[in-house]
Number of protein chains: 2
Amino acid sequence: MLKETGIEGLSLRKLAEKTGVSRTAPYHHFKDKNQLLCAIAEQGFKHWQHNAEKIFNQTDLSLKEKYHQFFLGYIRYAADNPELYDLMFGRTIWKQNKATQNLRDVAYPSFNYQVQMTQDWQQQGLLPKGENTLRLSQVTWGTMHGIARLLIDGIYADQTHIDEMCECAVNLFTQGFSEVTDAI
Amino acid sequence: MLKETGIEGLSLRKLAEKTGVSRTAPYHHFKDKNQLLCAIAEQGFKHWQHNAEKIFNQTDLSLKEKYHQFFLGYIRYAADNPELYDLMFGRTIWKQNKATQNLRDVAYPSFNYQVQMTQDWQQQGLLPKGENTLRLSQVTWGTMHGIARLLIDGIYADQTHIDEMCECAVNLFTQGFSEVTDAI
DNA sequence: ATTACTATCTTGACACTGTCAACATAAGTT
DNA sequence: AACTTATGTTGACAGTGTCAAGATAGTAAT
């Protein structure tokens with residue numbers, strides 16, 4: 001239903017009706033509409049985490065290629081699941097602290113994972129060592145997030161640009177990376 | 001009211017009541033709630049455009065500093081007017097083509113302006129010349145947009161990081177820029 | 001086996017929303 | 001003076017999230 005009608009169109013009543021159950025039945029499983037949304041977002045995070053690890057565990061790729069795949073994978077995941085992505089990283093949940101504790105427990109490690117990865121990439125020379133790790137990961141993630149949002153909301157970019165945009169971004173970030181280390 | 005209650009909390013009825021007028025009065029000035037939102041967003045674009053030009057017309061700054069100011073100005077504008085920014089670049093309007101023609105006429109030139117600037121920066125050597133201009137401006141704008149959104153939605157970044165994040169981003173993008181040209 | 005409890009579902013009701021239709025009134029134009 | 005337009009009004013409808021009170025069935029405890 002999220003995929004069909006979008007996050008705004010998702011109504012508890014219609015959802016209940018579609019399930020063949022009365023309007024207030026969902027309230028015995030979720031305190032709130034918000035809690036339902038948080039639960040869905042939670043699943044999204046787990047799914048994405050699984051997805052990311054699969055990319056990182058590919059052994060037949062160079063460091064830069066792996067980063068490229070990660071970047072591309074992130075954008076594709078967002079583009080393929082626009083409504084879910086909006087739920088996971090959108091204001092509906094995060095604005096004004098509406099996120100469930102459960103959701104936080106899944107989301108925050110996912111954020112930290114990103115910082116950890118950035119640190120590794122810096123140490124391996126893929127990303128500039130001079131920059132503060134936290135800032136750098138905020139910026140690089142910000143870039144992925146921003147591109148994802150532009151795509152999802154249909155502003156100024158569309159699906160056919162994905163590959164080229166990602167390549168451009170990765171080039172920018174890894175400018176100083178010497179390809180020699182690839183060969184080792 | 002947008003600033004107080006946010007974009008979701010803005011209701012036509014409350015707005016009318018606050019203005020001391022009946023519920024359906026607004027409908028004689030705007031066809032829709034959507035049209036009202038578009039009109040507000042339109043003002044936002046004009047305001048921002050004005051803001052951006054003011055930054056570009058500063059003559060006492062080096063090229064890189066000017067870019068830095070632009071970047072910072074964008075993020076600050078978003079952080080200072082979170083609800084307005086959300087309206088201007090959020091899914092409420094753009095998702096599924098709900099934007100008014102009037103809004104489009106103001107917004108699209110604003111997008112093009114960004115591309116034009118990117119081209120200039122490339123020619124002046126501030127940004128990498130090798131990259132496709134459109135892709136590059138999508139990526140750089142994506143970065144600004146993404147950071148803005150993370151800030152606004154309170155994910156993974158907060159207001160105290162603004163300056164450092166912008167500096168980090170500008171450093172990344174202008175890596176190959178020789179400072180010599182600054183002195184000329 | 002009876003009792004108590006808990007999980008689940010139900011209908012009724014409330015306040016809120018955007019929006020339409022029908023009607024009123026005042027201002028300006030012909 | 002008559003007509004048109006801009007602007008306002010109340011009434012009504014369908015939709016929403018959510019609470020309260022009651023129904024039913026399955027499980028655990030005595």
Side-chain angles (χ1 to χ4, degrees), chain A residues 1-44 82-104 107 153-154, chain B residues 1-44 82-104 152-154:
Chain A
M1 179 161 177
L2 188 68
K3 278 187 181 169
E4 286 170 16
T5 65
I7 195 169
E8 282 88 15
L10 191 154
S11 107
L12 284 188
R13 292 171 104 111
K14 277 183 191 158
L15 195 69
E17 191 183 13
K18 192 169 283 188
T19 324
V21 98
S22 86
R23 340 167 218 134
T24 58
Y27 283 86
H28 294 255
H29 305 267
F30 303 94
K31 182 187 161 284
D32 242 0
K33 183 182 185 181
N34 184 58
Q35 289 226 355
L36 204 182
L37 296 181
C38 283
I40 301 178
E42 211 180 309
Q43 286 189 314
E83 303 293 340
L84 181 57
Y85 186 88
D86 194 33
L87 210 50
M88 290 165 65
F89 297 108
R91 61 164 22 210
T92 315
I93 283 180
W94 295 101
K95 180 85 197 180
Q96 221 140 30
N97 288 16
K98 290 173 78 182
T100 314
Q101 190 57 43
N102 276 343
L103 177 56
R104 289 191 149 85
D153 298 341
Chain B
M1 180 161 176
L2 188 68
K3 277 186 182 170
E4 287 170 16
T5 64
I7 194 169
E8 282 88 16
L10 191 154
S11 105
L12 284 187
R13 293 172 104 111
K14 278 182 190 158
L15 195 69
E17 192 184 10
K18 192 169 281 188
T19 324
V21 98
S22 84
R23 319 155 241 151
T24 58
Y27 283 86
H28 290 119
H29 304 266
F30 303 93
K31 181 186 162 284
D32 241 0
K33 183 182 186 180
N34 184 58
Q35 289 227 355
L36 204 182
L37 296 181
C38 282
I40 301 178
E42 212 181 306
Q43 286 188 313
E83 302 293 341
L84 181 58
Y85 186 87
D86 193 32
L87 210 50
M88 289 165 66
F89 297 108
R91 61 162 25 208
T92 316
I93 282 179
W94 294 102
K95 179 88 196 177
Q96 220 139 30
N97 287 17
K98 289 174 80 182
T100 315
Q101 190 57 44
N102 276 343
L103 178 56
R104 289 191 149 84
I152 287 179
D153 298 340

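Quick note: numbers below take in every heavy atom, side chains included, and nothing from hydrogens, waters or symmetry partners. Only a predicted model underlies this, so the values are computations on that prediction, with no experimental measurement involved. Here is how names work: the chains are called A, B, and so on, in the same order as the sequence lines, proteins then strands, and each is numbered from 1.
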- Message: Going by the rule ring-ring contact (aromatic ring centres under 6.0 Å, His included), which residues pair with B/Tyr85 if we only count those two or more places apart in sequence or in a different chain?
- Response: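 Listed in chain order: B/Tyr74, B/Phe89, B/His145.
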- Task: Can you check whether any acceptor in the base of D/dG17 is under 3.5 Å from a donor in the side chain of A/Arg13, or vice versa?
- Result: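 Under the 3.5 Å cut-off, the side chain and the base do form a donor-acceptor pair.
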In residues 28-38 of chain A, what donor-acceptor pairs under 3.5 Å come from side-chain atoms, sequence neighbours left out?
| from | atom 1 | to | atom 2 | distance (Å) |
| --- | --- | --- | --- | --- |
| A/Lys33 | NZ | A/Leu10 | O | 2.9 |
| A/Asn34 | ND2 | A/Lys98 | O | 2.7 |

- Measure the spacing between CE of B/Met88 and CD of B/Glu42 and express it to the nearest 0.5 Å.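 Output value for this atom pair is 11.0 Å.
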- Mind checking the CG-CD1 spacing from A/Leu103 to A/Ile40? Nearest 0.5 Å is all I need.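 Taking CG in A/Leu103 and CD1 in A/Ile40, the distance rounds to 11.5 Å.
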[X] [atom1] to [N] [atom2]: how many Å, rounded?
X       : N      : atom1 : atom2 : result
A/Glu17 : C/dT10 : CD    : C1'   : 15 Å
B/Glu8  : C/dT17 : CD    : P     : 14 Å
A/Leu15 : D/dG17 : CG    : C1'   : 13 Å
A/Leu10 : D/dG17 : CG    : P     : 8 Å

- Query: Which pairs count as salt bridge (charged side-chain N to carboxylate O under 4.0 Å, His left out) when at least one residue sits in residues 9-28 of chain B, sequence neighbours excluded?
  - Reply: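 Matches after skipping sequence neighbours: B/Glu4-B/Lys18.
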- For nucleotides 5-11 of chain D, read 5' to 3', which letter fits each nucleotide if B means a protein heavy atom sits under 4.0 Å from the base, S means only the sugar-phosphate is that close, and - means neither? --BBBBB
- For D/dT16, does either OP1 or OP2 sit under 4.0 Å from a side-chain N or O belonging to A/Lys14?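 So the side chain of A/Lys14 is within the cut-off, an N or O lying under 4.0 Å from OP1 or OP2 of D/dT16.
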- Message: Are B/Arg104 and B/Asn97 packed together at the side-chain level, in the sense that at least one heavy-atom pair is separated by less than 4.5 angstrom?
- Response: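 Counting from C-beta outward, B/Arg104 and B/Asn97 do come under 4.5 Å.
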- Are the side chain of A/Glu83 and the backbone of A/Ile7 linked by a donor-acceptor contact shorter than 3.5 Å?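 Such a contact is found between A/Glu83 side chain and A/Ile7 backbone.
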- Task: Please identify each residue that fulfils salt bridge (Lys or Arg N to Asp or Glu O under 4.0 Å) with A/Glu8, with sequence neighbours left out.
- Result: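 Salt bridge (Lys or Arg N to Asp or Glu O under 4.0 Å) list for A/Glu8, sorted by chain: B/Arg91.
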- Looking at residues 30-40 of chain A, who's got a heavy atom less than 4.0 Å off DNA chain D?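 Only A/Asp32, A/Lys33 qualify.
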